[in-house]
> 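Structure incoming, see below.
Throughout, residue positions are numbered sequentially from 1 according to the sequence presented.
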Amino acid sequence: QVQLVESGGGLVQAGGSLRLSCAASGRAFSSYIMGWFRQAPGKERELLAGIGWSGGTAYYKDSVKGRFTISRDNAKNTVYLQMNSLKPEDTAVYYCAATRATWSNPAYWGQGTQVTVSS
C-alpha cells in the first residue's frame with residue numbers, strides 16, 4: 001500500500017510562487033503515474049497535472065499550463081508541483097494522487113494541503 005502526504009501549502013500574494021511536495025511511502029512508487037488535483041469550495045475536484053513513471057512525460061490543464069510545473073524524484077519517492085504567477089482563483093485545497101491506469105479512480109490520495117492566494 002502507498003500513503004501520500006502533501007506539504008508546502010500556505011498563504012501567498014498574487015503573482016508569487018509556491019512549491020508543493022507529495023511524499024510517498026510504500027512499495028513500487030515508480031510504477032505509478034502521479035498527479036495533482038485541486039478543489040475549491042463549491043467546485044468540483046479537477047486534475048491539474050500528471051506525470052509518467054520516469055518523469056519524461058507530463059500533462060497540464062490549460063488554465064495552469066505555463067505557470068505550474070510537475071516533477072518527480074523516484075529516488076526520494078516524492079512528486080512536486082511548482083506554482084508560479086499565482087492568482088486568487090488558484091485558491092483551493094491541493095491533493096496529490098497516484099494511479100496505475102486511469103484518473104477516474106486513483107488508487108491513492110493524499111489528505112490535501114491548503115493554498116490561499118491573496119490580492
> May I ask you to list the residues sharing a hydrophobic cluster with Val5, side-chain cutoff 4.5 Å, ordered by chain and number?
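Val5 shares its hydrophobic cluster with no other residue.
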> Can you list everything that forms a salt bridge (charged side-chain N to carboxylate O under 4.0 Å, His left out) with Arg67? Sequence neighbours excluded, please.
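So Arg67 forms a salt bridge (charged side-chain N to carboxylate O under 4.0 Å, His left out) with Asp90.
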> Is there a side chain to side chain contact (heavy atoms under 4.5 Å, CB included) between Gln114 and Thr91? Walk through the geometry before answering.
CA-CA 8 Å; Gln114 177 71 45; Thr91 296; 4.0 Å; yes
> Within the side chain of Thr102, is there an N or O that forms a donor-acceptor pair under 3.5 Å with the backbone of Asn105?
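Pair absent, no side-chain N/O of Thr102 close to backbone of Asn105.
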> Give, for atom OH of Tyr80 and atom CG of Asp73, the distance between the pair rounded to the nearest 0.5 Å.
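Going from the OH atom of Tyr80 to the CG atom of Asp73 covers 5.5 Å.
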> Using ring-ring contact (aromatic ring centres under 6.0 Å, His included) as the criterion, list what pairs up with Trp109, not counting sequence neighbours.
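So Trp109 forms a ring-ring contact (aromatic ring centres under 6.0 Å, His included) with Phe37.
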> Search all heavy atoms of Ala23 against all heavy atoms of Thr78 and return the closest pair with its distance.
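In this case the closest contact between Ala23 and Thr78 is CA-OG1, 4.2 Å.
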> Would you find a donor on one side and an acceptor on the other, under 3.5 Å apart, between the side chain of Asn74 and the backbone of Trp53?
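Flag set: sc Asn74 to bb Trp53 pair under 3.5 Å.
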> Heavy atoms only: give me the nearest Ser119-Ala14 pair and the separation to one decimal.
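Closest approach of Ser119 to Ala14: CA-CB, 4.5 Å.
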> So do Arg38 and Tyr95 actually touch side chain to side chain, heavy atoms under 4.5 Å?
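Side chain of Tyr95 against side chain of Arg38, heavy atoms only: no contact under 4.5 Å found.
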> Suppose clustering is done on Ile, Leu, Val, Met, Phe, Trp and Tyr with side-chain heavy atoms closer than 4.5 Å. Which residues sit in the same group as Leu81?
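Once heavy-atom contacts under 4.5 Å are chained together, Leu81 belongs with Val2, Leu4, Val12, Leu18, Leu20, Phe29, Tyr32, Met34, Trp36, Leu48, Ile51, Tyr60, Val64, Phe68, Ile70, Val79, Met83, Leu86, Tyr94, Tyr108, Val115, Val117.
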> Rounded to the nearest 0.5 Å, what's the gap from CZ on Arg72 to SG on Cys22? Could you check?
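Nearest 0.5 Å value for the CZ-SG distance: 10.0 Å.
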> Considering all heavy atoms of both residues, which atom of Arg100 and which atom of Ser31 are nearest to each other, and what is their separation?
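Smallest interatomic distance, heavy atoms only, reads CG-O, 4.1 Å.
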> How long is the span from the CZ atom in Arg19 to the OG atom in Ser71, to the nearest 0.5 Å?
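If I round to the nearest 0.5 Å, the distance is 7.0 Å.
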> Not counting sequence neighbours, which residues clear side-chain hydrogen bond (donor to acceptor under 3.5 Å, both in side chains) with Ser63? List them please.
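side-chain hydrogen bond (donor to acceptor under 3.5 Å, both in side chains) list for Ser63, sorted by chain: empty.
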> Would you say Glu44 has more than 12 foreign heavy atoms packed within less than 6.0 Å of its CD?
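Counting neighbours around CD of Glu44, 12 or fewer heavy atoms of other residues, nucleotides or ligands fall under 6.0 Å, so no.
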> Test your reading of the model: is there a side-chain donor-acceptor pair from Glu6 to the backbone of Gln111, 3.5 Å cut-off?
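Yes; at least one donor-acceptor contact below 3.5 Å.
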> Please list, chain by chain and in numerical order, all residues satisfying salt bridge (charged side-chain N to carboxylate O under 4.0 Å, His left out) with Lys61, sequence neighbours excluded.
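With sequence neighbours excluded, Lys61 shows a salt bridge (charged side-chain N to carboxylate O under 4.0 Å, His left out) to Glu46, given in chain and number order.
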